[in-house]
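When a ligand or atom number is given, it counts from 1 through the structure's own listing order. We use all heavy atoms of the structure for the numbers below, so side chains are in, but hydrogens, waters and symmetry mates are not. Starting from 1, each residue takes its place in the sequence as its number.
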Amino acid sequence: TLIILDITEKNERERLRREFTANVSHELKTPLTSISGNAEIIKNGIVKPEDVPHFAENIYKEAGRLISLVNDIIKLSKLDEGGGEITKEPVDLSEIASEVSESLRAQAERRAISSEIHTEKAVIMGIRPILTEMIYNLWENAIKYNKEGGKLYVDIANECQDGRKFVKFSIRDTGIGIPSADLERIFERFYRVDKSHSKEIGGTGLGLSIVKHGARLHGAEITVKSEIDKGSTFIIQFPKEA
Ligand code: ADP
């Protein structure tokens, strides 16, 4: 039975890989087709000179999407290759949170999102760039899927359960929320609740799969709670020593 189980797992992994490749091709093709179409219109001289900036803007935006997609795909494939082999070091999550808060400040201000952050020194054994990426993705989502003028709360605290030490990272927004039917699936690669809205605000559909992968590398557990129109809470519980 052990061998059968092994094969099943291998087949499942292969199926997921094939599915991922097909999705990647599709996701890359859409912006490329649009870039090619816009460029062709300009090239053929059908466009009035004053309309050229509009088509150029489309090309620029779609090229930006392509770059985000390729960057996320590279991050995921690095994680797939076992980012876990990198040696872990002591990382203070409150330090990462203030870095992330700083780099997303302008984006939050543009949507008039105010942040309330409660942290204490919270050190875990982890992989710094991956932890930064995870916290960045969750934080950016809490801004993107918030409402104009909404709020965002971040809490980082040391905890102890059954004699084991954890750091609990939690981020809550007062945004649009996630339908309960979709909650299970948002961590899948390319899964988006509202495809057009996500694309509009520059989402690749890969952010949360990077979070999930990163959590696995740290032996951490993710919990999500959400209520439509009220907001969402993502909690990650990191063991201090993974
Ligand atoms: P994306 O690049 O589309 O943001 P993610 O993998 O980060 O991709 O998230 C997947 C989907 O989960 C999003 O498209 C969105 O529909 C939903 N989602 C993620 N975070 C939130 C949130 N804080 N509030 C509401 N919906 C969210």
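Checked by atom type, the side-chain pair D173/Y153 shows no donor-acceptor distance below 3.5 Å. Side chains of N146 and T174: a donor-acceptor N/O pair is present below 3.5 angstrom, by distance only.
Ligand 1 has a nitrogen or oxygen under 3.5 angstrom from a nitrogen or oxygen of G205. Ligand 1 has no nitrogen or oxygen under 3.5 angstrom from a nitrogen or oxygen of Y191. Between D173 and ligand 1, at least one pair of N/O atoms sits closer than 3.5 Å. Any N or O atom pair closer than 3.5 Å counts here, and L208 shares at least one such pair with ligand 1. When only interatomic distances are considered, the shortest N/O to N/O separation between G203 and ligand 1 does not fall below 3.5 Å.
Remark: minimum distance from atom 22 (C) of ligand 1 to any protein heavy atom is reached at Y145 CB, 3.7 Å. In terms of protein heavy-atom proximity, atom 3 (O) of ligand 1 is closest to S198 OG, 2.6 Å. Closest to atom 19 (C) of ligand 1, if we only count protein heavy atoms, is N141 ND2, 3.6 Å.
The nearest pair of heavy atoms linking G177 to S232 is CA-OG, 3.6 Å. Contact record, R110 with E148: O-OE2, 3.7 Å, taken as the closest heavy-atom pair.
For ligand 1, the atoms sitting less than 4.0 Å from at least one non-hydrogen atom of I186 are 10 (C), 12 (O), numbered in the order shown with element in parentheses. Using a 4.0 Å cut-off to heavy atoms of K144, the atoms of ligand 1 that qualify are 1 (P), 2 (O), 4 (O). Counting atoms of ligand 1 from 1 in the listed order, those under 4.0 Å from a heavy atom of G207 are 5 (P), 6 (O), 7 (O).
Proximity of a side-chain donor or acceptor of S103 to a complementary backbone N or O of E99 within less than 3.5 Å is detected. Without hydrogens or angle criteria, K43 side chain to N38 main chain gives no donor-acceptor distance under 3.5 Å.
By heavy-atom distance, the residue among D72, I176, I178, D194 lying nearest atom 26 (N) of ligand 1 is I178.
Tested against E62 for a side chain to side chain contact (heavy atoms under 4.5 Å, CB included), the candidates I35, L32, T33 yield a single pass: I35.
Using a 4.0 Å cut-off between a side-chain N of Lys or Arg and a carboxylate O of Asp or Glu, R189 and D80 qualify as a salt bridge.
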